[in-house]
Amino acid sequence: MPQKNINSTSSTASSTADQRVITYAQAGVEGVREEMLRNPDIFYIGQGIGPRGGNFQQSRGLWQEFGQARVRDTPIAERAQAGFGVGAALAGSHPIVDIVFMDFTLEAMGEIVQQASTIHYISNGRFKVPLMVRAAGGGIRSTGPHHSHTFWSFFAHIPGLKVVVPSTPYDVKGLIKTALRDENPIMFLEHKGLYGTKGHVPEEEYLIPFGEANVIRSGEDVTVVTLGKMVQRSLDAAEELQRNGISAEVIDLRTLVPLDKEAILKSITKTGRLVVVDEAYASCGISAEVAAIVAFEAIDQLDAPVVRICTLPTPHSFSPSTDSYLVPSVVRIVAEVSDLMKKKI
Amino acid sequence: MPQKNINSTSSTASSTADQRVITYAQAGVEGVREEMLRNPDIFYIGQGIGPRGGNFQQSRGLWQEFGQARVRDTPIAERAQAGFGVGAALAGSHPIVDIVFMDFTLEAMGEIVQQASTIHYISNGRFKVPLMVRAAGGGIRSTGPHHSHTFWSFFAHIPGLKVVVPSTPYDVKGLIKTALRDENPIMFLEHKGLYGTKGHVPEEEYLIPFGEANVIRSGEDVTVVTLGKMVQRSLDAAEELQRNGISAEVIDLRTLVPLDKEAILKSITKTGRLVVVDEAYASCGISAEVAAIVAFEAIDQLDAPVVRICTLPTPHSFSPSTDSYLVPSVVRIVAEVSDLMKKKI
Amino acid sequence: MKRSSTAKNGSKLKQDKKIVLALYRKMVLIREFEMKAKEIFHSGKMPGFIHIYVGEEAVAAGVCAQLHQDDYVASTHRGHGHALAKGVAPRDAMAELMGVVTGCSGGRGGTMHLYDPEVGFLGSNGVVPPGILIAAGAGLSAQLRGTSQVAVAFFGDGGSNNGAFHEGLNLAAAWDLPVVFVCENNFYATEMPFSETTKNTNVASRAKAYGIPGIQVDGNDVMAVYEKAGEAIQRAREGGGPTLIECVTYRWFGHHAGDPGVSYRTKEEVAEWKERDPIGKLRNDSIAARLATETDFQRIDEEIKDVIEESADFALASPLEADSTALDHVFYSPAE
Amino acid sequence: MKRSSTAKNGSKLKQDKKIVLALYRKMVLIREFEMKAKEIFHSGKMPGFIHIYVGEEAVAAGVCAQLHQDDYVASTHRGHGHALAKGVAPRDAMAELMGVVTGCSGGRGGTMHLYDPEVGFLGSNGVVPPGILIAAGAGLSAQLRGTSQVAVAFFGDGGSNNGAFHEGLNLAAAWDLPVVFVCENNFYATEMPFSETTKNTNVASRAKAYGIPGIQVDGNDVMAVYEKAGEAIQRAREGGGPTLIECVTYRWFGHHAGDPGVSYRTKEEVAEWKERDPIGKLRNDSIAARLATETDFQRIDEEIKDVIEESADFALASPLEADSTALDHVFYSPAE
Ligand SMILES: Cc1ncc(C[n+]2csc(CCOP(=O)(O)OP(=O)(O)O)c2C)c(N)n1
Ligand SMILES: Cc1ncc(C[n+]2csc(CCOP(=O)(O)OP(=O)(O)O)c2C)c(N)n1
Ligand SMILES: [Mg+2]
Ligand SMILES: [Mg+2]
């Protein structure tokens, strides 16, 4: 799999010779750090995010800089982490709760869905819940059945949660800063397989607004809507398709809630074809949601069936062969898009 | 809201003068009872399902008949309930774990998703997990923010779980018996608002296979795919629409996994129009999944956009006014379907 | 099964009249509020399912009398008493039970979701028992902000068997958070006897597992609750970390207003506990000790009756939320 | 911070040679298996992230030697030792670590998901600590089926702070299930010292909260573990309900094979614990007590070397799963 720098094709960050290049993990640290400096109410809790700097270096140096009070390791108690986060948010703090592995958000599901997402609404706006839950999903190197999940659709199903899925260092920083100025519960869902990837991140401060998808590659024949780690695979597939004379527009959703419907619809109007590439499962996934939106809002613009390319419906396998067979690959994306180009309605 | 007997229009139960009529709750008890008599490995645990017979009478008399060993009240410990269920299933028993309120399946999400759904696959078929998780969703009489959820799409997102959502007493009994002979993890998701509804349930034994939707009303102009409590509302809407000259076919999904795609596609081929009515939220819901399937498999059969009629995206409100405004009503279904009939592509 | 309080801590406080009358007022307020809510519920006018606190008033009143307005309370499904004790206005609470716009949560929360930021009431709760975690989180916030605020979590015996109890108490202890965990042990979770859901029915003894003080107190003796809560709250305020207080008490009525509460409890048991009425006890004890007179108490009774009548009238006269605002406040935006 | 075992229960067992050698064999098997796995991992040929059990062998070996083949074990992410001790064949386990089709889970589970129904091994686990619940559920099944099977849950100090610990122990106690809960207290959960995540680092003492026996044992003294586990398993088998056993021990290497395990632990601490090698201890003690000879032990060492070499060759020579079967076994069907 070619590991190219996504930002080189990003519409938001132009490529220059002397641009600063850092990792996805570092970009997150920078964003959190700047916001912690700016807002004393922000604190950070999670397993291993203290002295160790996070399983994925996603909090590196924060404990050293901000100290034990504002950056705290927790026991293996995800419910407590999330519940404490809700309580602290209600009391006027702005917690970051790092669950580290998205898989283990399951343990805190009650606190996230029943408490965090509802309180602003059911208190009739009297309380707010400024809480960022951070967690990384996806498989890397046989992380296997319990450490490879991508549950973003769970959170996108629930009103009252904003859901962010950044794909590049540039986006991580801009989006995490926005998340920490947004006083709603935010699910900030990174990807384990991206933490080490590099890209341009300006020294100057910037924010990326929620609800603006990134048209990361423009094209004429087919719209590929994607997110997270699948963005790079979709771009790689697009290059390959280009060589076969198929021009694909690639849209990185960036935030699932709010969802940038307009960007998708605008693209469809041009291309008439929609493919959604998602590392999560298809059934009731965000891929289904995008398909359903288009089937409602722009069915008359479609010249072909809507195709979803997702992880095949089995538990995540440890087996290195099966594992890579199940998750969408560049080859599969190229093949399915090529097939689609032959279809008409 | 007219509360009619659904079975009168059911294709599976014909109406006769002397037919036996029982409630949805009783039908479940009968099904469980028959299977417990048949299979000594089945046992039943949950909060209040013992002497009390269940919050909704869904286990009435079982404790009295089968005794304290096989029918056990648990503490308020949903994780333990589900985890014990998984362990017992691995050891050769066939547990029924009643979470009572579907909302509280959130507390057991880790055990359901990470353990129950995966073990058969990741043990390469060496273990099986014959476990039925029972839980009732939906709002009734201002059950409010924490007791009204319908999370079926969460479970339908996860490979390895079968998901059942019965809408009538007849279906409850036939499906729960099938569930208890199926040695996979099953999410058996009833509706609180249906437990008291009545319908014909034959004395003779019958099973309803999974994956066969019920075309509960046949029509020519539009296909209404629905489930759970919304089945009756859709039927009521269909009657109203009929008076306005619109002939709606109503399909009760019955099981979300496996999903009866064929029934939906067959109907679309006839009607050319699809509406999905679901009490769950639209975003990443089963309504999105049905829309996405049709947008892929039968887009050329569609004469109009695919419409989803779902609970509006807010937390569940206690307020009796808002609560009934948010959930799809017969009036809303009639209005949206009527609108759709005016659209063409 | 006969259940009776085995709590050892009686009241040793030097009692003073002002405190006695304040505690009495709170308890009567809760009692009358609940009886009125029950009446409205049974008249068919109230939506939802209310969980009545009658019999347990001494716990909420005794604990909350030790709290400042900016301290925090996180509560349970049986939370009316906690809300009132913490200072939520009776009319705002009653209106909320009715689901009308004038309620403290605009009618959107209802009986199990009372909220009031102005008195630090972080919500009753439909789930058992995340209030434990929410209170601990508020305590963490106070610790971080360097205030001397304290947070109290109320929860039931049933809640003490749940994993959130373990995670919450363990972490609050590890971090020395200013939190007091108050278990209202009323012997039942719905119809399930506590003794059938655990082998150790002494909740206070579980505090050892977390290395914090655990004390059992007679939850029907408001002066005892007041005293012990005071010590724990003071310790928390001074950085001494959390305490677990088990208040042994009893609910007079069913689990919720629709449950007669008799099939799983004997008549004798219920009667015995009604004998031990916390309001009657304070009244009798105080008169015997010549701390207050019949007249003092009667005056309060009258006063409260008016408050409750006014609250009920207010609630019953208020409108439901309009459809046009039903989609507001899903997300907070600074413009609000 | 200096950490040392404060466990009081030494071995008082009348030792016999057959047992000594069997325990020694198991411990060496686990040790050599782990060292080989580590070697293969660092050669870059092994997928995933392995958690090495070296240093803690006495716990798995001592406990499982008291179990029958049809008894159950539910384990953790650090589960190789438990699997081997319960009887999973070394080649099946090594192949599973390699993710190849000949593995005990067909290569689909890997290091954290070893499964073997034939020896009652209900799985290692990628999640902390639902093995507690799974073992208890297996115990419930045994109780219901009227067998005399016992289930054992292994879990770490880290796991003991999780809500599943509380719910699992409480309910297993309430139902008198035939389960033994074995906490491997190795002082750290990843790099987090246990003492920073709880105020009560004596895990055994938490048993009181559930009304069951709790004992602490030197987890590096296999005879002590064997003896205490034997008592608990016997009690469970006879209907006496669960026991919590805390085995105080230490992992020699990092949390997983990629973690050097040094930044959060002093060299001295690691060295001290290596001194207290459970294998060396059994060997020395037994020779001193004239229960066995150098030759006995050497013979076993040789034997195990061969087993491990053979296992590694087998694993390294086996193929990965073919794409064509990747969708099999999502659901069970009776045709299988
Ligand atoms: C997680 C969860 N499981 C189940 C319920 C249903 N439920 C509501 S109240 C209750 C009993 C609570 O008992 P206890 O904690 O003792 O409080 P009490 O009602 O006695 O005041 C139960 C089981 C719930 N609300 N939340
Ligand atoms: C629910 C959950 N949260 C976090 C993790 C990540 N994790 C894996 S092992 C581990 C530490 C476990 O420590 P302990 O229980 O003491 O076992 P040890 O590794 O010391 O054997 C953690 C935090 C996990 N697997 N599951
Ligand atoms: Mg109770
Ligand atoms: Mg450990």
Side-chain angles (χ1 to χ4, degrees), chain A residues 45-56 63 68 72-83 100-101 103-108 110-111 139-149 192 281 283 311-327 329 331-332, chain D residues 46-49 77 96-101 103 105-114 123-130 155-166 189-194 196-198 255-256 258-259 263-264 319-331:
Chain A
I45 62 174
Q47 293 167 39
I49 55 78
R52 179 184 183 191
N55 269 53
F56 308 109
W63 181 83
Q68 170 67 23
R72 295 194 192 192
D73 279 332
T74 66
I76 305 170
E78 286 80 7
R79 276 193 77 177
Q81 288 179 237
V100 188
F101 288 91
D103 312 80
F104 307 134
T105 58
L106 293 177
E107 320 293 332
E111 278 56 43
I140 39 164
R141 199 175 183 272
S142 286
T143 35
H146 291 172
H147 293 76
S148 305
H149 280 291
K192 293 194 282 294
Y281 300 118
S283 177
T311 292
L312 300 180
T314 78
H316 299 287
S317 182
F318 177 82
S319 159
S321 51
T322 323
D323 190 24
S324 55
Y325 172 73
L326 297 171
V327 177
S329 62
V331 172
R332 173 138 69 101
Chain D
M46 187 178 283
F49 301 88
H77 58 289
E96 191 56 38
L97 267 57
M98 289 301 299
V100 291
V101 285
S105 311
R108 293 171 161 197
T111 163
M112 288 191 278
H113 307 275
L114 308 174
S124 31
N125 215 307
V127 190
V128 177
F155 55 97
D157 48 289
S160 78
N161 287 332
N162 186 278
F165 170 88
H166 186 67
T190 63
E191 77 300 339
M192 286 182 286
F194 190 42
E196 289 177 21
T197 59
T198 186
H255 171 63
H256 60 70
D259 162 30
S263 60
Y264 51 93
L320 294 171
E321 183 173 8
D323 293 351
S324 57
T325 58
L327 298 178
D328 294 353
H329 301 308
V330 175
F331 290 108

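Letters go in sequence order (proteins before strands), and every chain restarts at 1.
Of the inter-residue distances, the one linking Asn55(A) atom CG with Glu191(D) atom CD reads 7.5 Å to the nearest 0.5 angstrom.
Partners of Ala108(A) under the side chain to side chain contact (heavy atoms under 4.5 Å, CB included) rule, at least two apart in sequence or in another chain, are Glu78(A), Ala82(A), Ile112(A). Considering only residues two or more places apart in sequence or on other chains, Glu96(D) meets the salt bridge (Lys or Arg N to Asp or Glu O under 4.0 Å) condition with none of them.
Ser263(D) does not touch chain A: none of its heavy atoms, backbone or side chain, sits under 4.5 Å away. Interface remark: Asp259(D) contributes no atoms to any contact with chain A (heavy atom separation under 4.5 Å). Of the two parts of Thr111(D), the backbone and the side chain both hold a non-hydrogen atom closer than 4.5 Å to a non-hydrogen atom of chain A. Heavy atoms of Phe101(A) lying under 4.5 Å from chain D are absent altogether. Neither the backbone nor the side chain of Ser324(A) comes within less than 4.5 Å of any heavy atom in chain D.
Between Pro313(A) and Val330(D) the shortest heavy-atom distance is O-CG2, 3.7 Å. Heavy atoms only, all atoms of each residue included: Ala326(D) and Thr322(A) are closest at CB-CG2, 3.2 Å. Between Phe49(D) and Thr143(A), the shortest heavy-atom distance links the atoms CE1-CG2, 4.0 Å. The nearest pair of heavy atoms linking Thr197(D) to Pro75(A) is O-CG, 3.6 Å. The nearest pair of heavy atoms linking Leu320(D) to Ser321(A) is CB-OG, 3.4 Å. The shortest non-hydrogen separation linking Leu312(A) to Leu327(D) is CB-CD2, 4.0 Å.
Checking each of His147(A), His316(A), His146(A) against His113(D) for a ring-ring contact (aromatic ring centres under 6.0 Å, His included) leaves exactly one that passes, namely His146(A).
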Could you walk me through whether Arg108(D) and Thr314(A) satisfy the side chain to side chain contact (heavy atoms under 4.5 Å, CB included) test, starting with their C-alpha distance in whole Å, then the side-chain angles of each, then the deciding distance to 0.1 Å, before giving a yes or no? CA-CA 11 Å; Arg108(D) 293 171 161 197; Thr314(A) 78; over 6 Å; no
| said: For a side chain to side chain contact (heavy atoms under 4.5 Å, CB included) check, start with the C-alpha distance between Val127(D) and Glu107(A), then their side-chain angles and the critical distance, and finish with the verdict. | reply: CA-CA 10 Å; Val127(D) 190; Glu107(A) 320 293 332; 3.6 Å; yes
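Chain D forms the most heavy-atom pairs under 4.5 Å with one residue out of Pro145(A), Ser317(A), Ala77(A), Ser142(A), and that residue is Pro145(A). If you tally non-hydrogen atom pairs under 4.5 Å between each of Asp328(D), Val100(D), Thr198(D), Asn125(D) and chain A, the highest count goes to Asn125(D). Across Gly99(D), Gly126(D), Gly103(D), the residue that shares the most heavy-atom pairs under 4.5 angstrom with chain A is Gly126(D).
In this structure, the side chains of Val128(D) and Ile76(A) come closer than 4.5 Å at one or more pairs of heavy atoms. Taking the side chain as every heavy atom from C-beta outward, Pro47(D) and Phe318(A) approach each other to under 4.5 Å.
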